[in-house]
Amino acid sequence: MNTTESLGYLKGLLDGLDLDKDKKETKLFKAIIDVVENLSKDIDDVYEEIDGAYEIIDAIDSDLSDVEDVVFDDEDDCCDCDCCDDCDGYELQCPICGSPVYIDEDSDFENGVECPACGEILQIEPADEDEDETSNDKN
């Protein structure tokens, strides 16, 4: 039995006692039931406000998650692969099939890198740091 049903039961008991309406005890019982009824309404209002607050909190949580994705997105990630925790390489696209090819520092650049999708051997020349510095000086 919930609070509203219990309150109705108490009112029914009081009415069933057939007490004299002018007696002090009857007035006291009715006043107590009125207070309980007011408390019940207040509790219902609080529950409604809590439900509204939960909805707002859920919306804020969702928005915050979106903001965290943007703010804390690690742009140093080389790829979207699930194969590594801290990728020190890059993701390229195979010019033959368009599949992603992941290149890291351990890749064998001399013999080329094989595309995992089509098997094509991609010839990749690592950037020479000295050439990069001299080409930047010319600009």
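The figures here come from the full heavy-atom set of this structure, side chains too, leaving out hydrogens, waters and symmetry mates. These numbers come from a predicted model, not from an experiment.
- Closest non-hydrogen pair, Glu114 versus Ile121, comes out as CB-CD1, 3.8 Å.
- The side-chain heavy atoms of Pro116 and Ser99, taken from C-beta on, include no pair separated by under 4.5 Å.
- Looking at Leu14 and Leu19, their side chains come closer than 4.5 Å, going by heavy atoms from C-beta outward.
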Original post:
Which is it for Val113 and Val101 under the side chain to side chain contact (heavy atoms under 4.5 Å, CB included) test, yes or no, and what are the steps along the way?
Top reply: CA-CA 8 Å; Val113 178; Val101 179; 3.9 Å; yes
Could you give the side-chain donor-acceptor pairs of residues 47-56 under 3.5 Å, partners two or more places apart or in another chain?
none

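- In this structure, the side chain of Ser65 does not engage the main chain of Asp61 through any donor-acceptor pair within 3.5 Å.
- Atom CD of Glu5 is separated from atom CG of Leu10 by 12.5 Å, given to the nearest 0.5 angstrom.
- Side-chain atoms of Thr26 come within 3.5 Å of backbone atoms of Asp20 as a donor-acceptor pair (strictly under, hydrogens ignored).
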For residues 34-46, dump all side-chain donor-acceptor pairs below 3.5 Å to protein atoms at least two apart in sequence or in another chain.
unit_1, atom_1, unit_2, atom_2, d
Glu37, OE1, Lys11, NZ, 3.2
Glu37, OE2, Lys11, NZ, 3.0
Asn38, ND2, Asp34, O, 3.4

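- Annotation: the span from Phe29 atom CZ to Asp15 atom CG amounts to 13.0 Å, rounded to 0.5 Å.
- In terms of the salt bridge (Lys or Arg N to Asp or Glu O under 4.0 Å) criterion, Glu120 has no residue partners (sequence neighbours excluded).
- Taken to the nearest 0.5 Å, the CD atom of Glu25 stands 10.5 Å off from the NZ atom of Lys27.
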**OP:** Could you please spell out the steps behind the side chain to side chain contact (heavy atoms under 4.5 Å, CB included) verdict for Cys115 and Cys97?
**Re:** CA-CA 9 Å; Cys115 173; Cys97 69; 3.6 Å; yes
